[in-house]
Number of protein chains: 2
Amino acid sequence: MSANVATARLAFEVVKTACSNCNLRELCLPIGLDAAELKKLDELVSTRRRVKRGDHLYRAGQAFESIYAIRSGFFKTDVLVEDGRDQVTGFQMAGELLGLDGISGEIHSCNAIALEDSEVCAIPFSHLEGLSRQIHTLQHHFHKVMSREIVRDHGVMMLLGTMRAEERLAAFLLNLSQRFKARGYSPAEFNLRMSRDEIGSYLGLKLETVSRAFSRFQEEGLLAVHQRKVRILNTAGLRKLMSHQRNG
Amino acid sequence: MSANVATARLAFEVVKTACSNCNLRELCLPIGLDAAELKKLDELVSTRRRVKRGDHLYRAGQAFESIYAIRSGFFKTDVLVEDGRDQVTGFQMAGELLGLDGISGEIHSCNAIALEDSEVCAIPFSHLEGLSRQIHTLQHHFHKVMSREIVRDHGVMMLLGTMRAEERLAAFLLNLSQRFKARGYSPAEFNLRMSRDEIGSYLGLKLETVSRAFSRFQEEGLLAVHQRKVRILNTAGLRKLMSHQRNG
DNA sequence: CCCTGTCTTTGATCCACGTCAACCCGGCCC
DNA sequence: GGGCCGGGTTGACGTGGATCAAAGACAGGG
């Protein structure tokens with residue numbers, strides 16, 4: 001049995017992680033825990049897993065067992081319907097959680113695909129529930145994380161339901177910018193990890209429309225864009241454009 | 001102080017409810033609990049509240065304290081942005097929960113408005129967290145409910161991002177039908193509680209487009225519709241229309 | 001009963017975005 | 001180097017749904 005365990009560990013590239021040392025403390029689950037509680041959490045998050053660019057972290061239909069905290073890298077999640085429709089439901093970066101949608105049906109309801117080489121912590125969900133029955137603050141924080149996901153989704157529904165193409169792209173870029181900033185990267189200059197097609201799928205637009213909107217922003221001096229390299233020149237302008245109501 | 005409490009109770013039209021007797025057991029939180037556990041839950045859900053048609057159950061910005069289980073009636077939730085945009089984010093019926101979006105910021109992030117005279121059970125959230133630390137199955141069920149909300153939102157994003165007007169309306173009607181059926185009502189014949197405008201807001205369409213789609217469905221013999229009275233004549237036809245991919 | 005306001009339907013026109021198609025650019029392999 | 005291939009850009013054109021406008025249903029109130 002110990003041999004089997006060793007094999008399994010190799011397959012998953014298990015590394016002992018330590019939440020107590022992780023620089024994502026603020027973004028991920030463990031927040032406001034004391035030393036003893038952090039130690040318990042370290043034991044919970046026992047496996048780290050690498051996912052190469054283009055590979056699936058999980059697929060829709062697979063049994064749900066763990067949620068994942070992204071240590072580094074970039075992911076997209078998408079839903080694929082039998083009739084051929086598919087839609088990117090989100091882009092996730094370091095410190096964010098993946099897999100919350102799987103709890104309800106005990107099956108993953110979407111695909112999670114790495115957009116660059118990434119590393120995640122697997123958090124066995126039943127363990128998380130056990131621990132959050134012991135640690136009040138962990139429980140509450142987890143509930144907040146789930147709720148924030150719902151609020152985020154409402155924002156996307158708003159975007160898809162009421163905004164026009166350029167507004168959607170502006171909102172998307174400002175959101176990315178703000179998330180990079182929160183992680184200590186430049187909010188003004190970054191590389192897009194996703195293709196025009198993936199942006200379009202997320203925003204409910206065709207890739208040509210996304211491309212045209214980028215060009216337009218560039219013409220108007222709002223940003224400099226070359227392929228996937230984006231530099232925001234006029235944040236206020238983007239923000240104004242985004243909230244430009246179409247009717248009174 | 002006891003006088004104050006009495007006043008507060010009157011204001012909220014408190015009635016002693018009993019989850020153990022409630023006919024929504026299957027849909028709401030308490031599922032698979034034993035008698036002792038149900039008793040604890042009865043104590044948790046101590047206040048019932050009536051909301052008249054058109055009134056707010058809560059408003060965006062109000063402090064979040066409780067989630068609400070709908071005992072009877074019908075609600076919509078909507079988000080209103082400063083620039084004048086607004087969007088209906090969902091319609092909720094008996095047995096469903098309201099207010100989950102408020103957990104993250106400890107503030108309600110949307111408005112909940114009754115579309116007909118309704119009754120809800122208020123569930124103080126901190127009590128729910130406390131109880132779910134004691135009752136494993138309650139905790140797990142609550143997590144599933146939150147997760148289901150996320151999955152539902154992904155479905156709406158899919159609808160808004162990839163479907164055309166008639167597909168959206170078909171999906172909407174089939175969803176309503178199925179939820180009425182789950183509650184023991186006719187899946188084929190029901191009264192819409194919301195206006196064309198509200199349907200349009202939810203589906204990312206203008207009210208005229210919704211009205212035209214209804215007329216078209218009627219012409220094609222898929223349903224009979226008169227104002228808010230809807231009778232579905234050809235479920236399979238609607239389903240086929242809904243999943244009619246626009247391109248391969 | 002008529003009057004009023006709200007919701008719904010229907011028609012005519014417009015426009016934002018999708019569609020189709022050509023071309024470009026950078027990376028990779030031979 | 002040249003050819004290939006997967007993105008990305010750009011142009012020309014078509015169309016689904018928005019917009020504008022008018023009129024019909026229905027409920028409530030005098």
Side-chain angles (χ1 to χ4, degrees), chain A residues 53-54 76 84-88 115-116 159-170 172-173 191-220 223-230 241-242 244-248, chain B residues 53-54 76 84-88 113 115-116 159-173 191-220 223-230 241-242 244-248:
Chain A
R53 178 191 152 100
K76 72 167 177 181
R85 254 187 271 265
D86 86 299
Q87 168 121 1
V88 172
L115 294 180
E116 60 183 31
L159 179 147
L160 292 170
T162 74
M163 291 188 182
R164 45 188 54 214
E166 293 187 7
E167 294 168 342
R168 293 184 200 187
L169 186 61
F172 172 69
L173 291 171
N191 271 85
L192 298 173
R193 268 68 171 188
M194 68 296 280
S195 69
R196 299 289 187 266
D197 197 28
E198 286 163 336
I199 297 173
S201 173
Y202 180 61
L203 297 179
L205 301 169
K206 290 290 150 181
L207 67 99
E208 294 95 328
T209 306
V210 173
S211 178
R212 272 186 250 270
F214 268 120
S215 303
R216 196 123 206 288
F217 287 174
Q218 176 141 272
E219 281 166 30
E220 287 168 358
L223 46 82
V225 53
H226 181 65
Q227 305 285 110
R228 298 193 178 184
K229 184 114 194 156
V230 172
L241 190 152
M242 188 192 87
H244 201 50
Q245 68 254 42
R246 89 178 70 185
N247 51 37
Chain B
R53 177 191 154 100
K76 72 168 176 180
R85 255 187 268 266
D86 86 301
Q87 168 120 3
V88 172
I113 299 153
L115 295 179
E116 58 182 34
L159 178 146
L160 292 171
T162 74
M163 291 188 183
R164 43 186 56 212
E166 292 187 5
E167 294 168 344
R168 294 183 199 187
L169 185 62
F172 172 71
L173 291 171
N191 271 85
L192 298 173
R193 269 67 170 189
M194 69 296 283
S195 70
R196 300 287 187 264
D197 195 29
E198 287 163 336
I199 297 174
S201 173
Y202 180 61
L203 298 178
L205 302 168
K206 290 288 150 186
L207 68 97
E208 294 96 327
T209 306
V210 173
S211 177
R212 273 185 248 270
F214 268 120
S215 302
R216 194 123 207 286
F217 286 174
Q218 178 142 270
E219 281 167 29
E220 287 167 0
L223 47 82
V225 53
H226 182 65
Q227 304 285 111
R228 297 191 178 186
K229 184 116 192 154
V230 171
L241 189 151
M242 188 192 85
H244 201 49
Q245 70 254 41
R246 91 178 68 185
N247 53 33

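Every chain is numbered from 1 and lettered A, B, ... according to where its sequence line falls, protein lines coming before strand lines.
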Atom CZ of A:Arg216 and atom P of D:dG11 are separated, to the nearest Å, by 13 Å
From CD of B:Glu208 across to P of C:dC14 the rounded distance in Å is 17 Å
side-chain contact (heavy atoms from CB on, under 4.5 Å) filter on B:Ser211, not counting sequence neighbours, yields none
Point to revise | Pair A:Phe217-A:Val225, side chain to side chain contact (heavy atoms under 4.5 Å, CB included): steps then yes or no | key: CA-CA 9 Å; A:Phe217 287 174; A:Val225 53; over 6 Å; no
The side-chain contact (heavy atoms from CB on, under 4.5 Å) partners of A:Glu208 (sequence neighbours excluded) come to A:Lys206, A:Arg212
Rounded to the nearest 0.5 angstrom, the NZ-CD1 distance for B:Lys76 and B:Ile113 is 4.5 Å
>> Just so I know, are the side chains of A:Leu169 and A:Ile199 near enough to count as touching, which here means a heavy-atom distance under 4.5 Å?
In response: yes
Rounding to 0.5 Å, atoms OG (B:Ser195) and CD (B:Glu198) come to a distance of 3.5 Å
Taken in chain and number order and not counting sequence neighbours, the residues that satisfy salt bridge (charged side-chain N to carboxylate O under 4.0 Å, His left out) with B:Arg193 are B:Glu116
Sorted by chain and residue number, the side-chain contact (heavy atoms from CB on, under 4.5 Å) partners of A:Gln227 (sequence neighbours excluded) come out as none
So OH of A:Tyr202 and CG of A:Leu159: to nearest 0.5 Å the spacing works out to 7.0 Å
Axis-to-axis angle across the helix from C:dC1-D:dG30 to C:dC30-D:dG1, five pairs each end, nearest 10 degrees, ~ 30°
Whole-Å distance, A:Arg53 CZ to D:dG6 C1', equals 11 Å
If you restrict it to nitrogen or oxygen atoms, what contacts under 3.5 Å exist between nucleotides 5-8 of chain C and the protein, and what is each distance?
| unit_1 | atom_1 | unit_2 | atom_2 | d |
| --- | --- | --- | --- | --- |
| C:dT8 | OP1 | B:Arg228 | NE | 3.1 |
| C:dT8 | OP2 | B:Arg196 | N | 2.8 |

Of all heavy-atom pairs linking B:Ser201 and B:Val88, the shortest is OG-N, 2.9 Å
Here the distance between atom C1' of D:dG8 and atom NZ of A:Lys229, to the nearest Å, is 18 Å
Q: For side chain to side chain contact (heavy atoms under 4.5 Å, CB included), just list the numbers for A:Arg228 and A:Met194, CA-CA rounded to whole Å, side-chain angles, deciding distance to a tenth of an Å, and then say yes or no.
A: CA-CA 8 Å; A:Arg228 298 193 178 184; A:Met194 68 296 280; 5.7 Å; no
To the nearest angstrom, the CZ-C1' distance between A:Phe214 and D:dG8 comes to 11 Å
Pick out the pairs of N or O atoms, protein on one side and nucleotides 12-14 of chain D on the other, that lie under 3.5 Å.
| unit_1 | atom_1 | unit_2 | atom_2 | d |
| --- | --- | --- | --- | --- |
| D:dA12 | N6 | A:Arg212 | NH2 | 3.4 |

Original post:
A:Arg168 side chain to A:Leu203 main-chain N or O, any donor-acceptor pair under 3.5 Å?
Top reply: yes
With respect to the phosphate group of D:dC26, does any side-chain polar atom (N or O) of B:His226 fall under 4.0 Å of OP1 or OP2? yes
In whole angstroms, the gap separating C1' of D:dG6 from CD of A:Glu198 amounts to 13 Å
For A:Arg216, the side-chain contact (heavy atoms from CB on, under 4.5 Å) test, sequence neighbours excluded, returns A:Glu166, A:Glu220
Filtered N/O pairs between nucleotides 15-17 of chain C and protein, under 3.5 Å:
| unit_1 | atom_1 | unit_2 | atom_2 | d |
| --- | --- | --- | --- | --- |
| C:dC17 | OP1 | A:Ala165 | N | 2.7 |

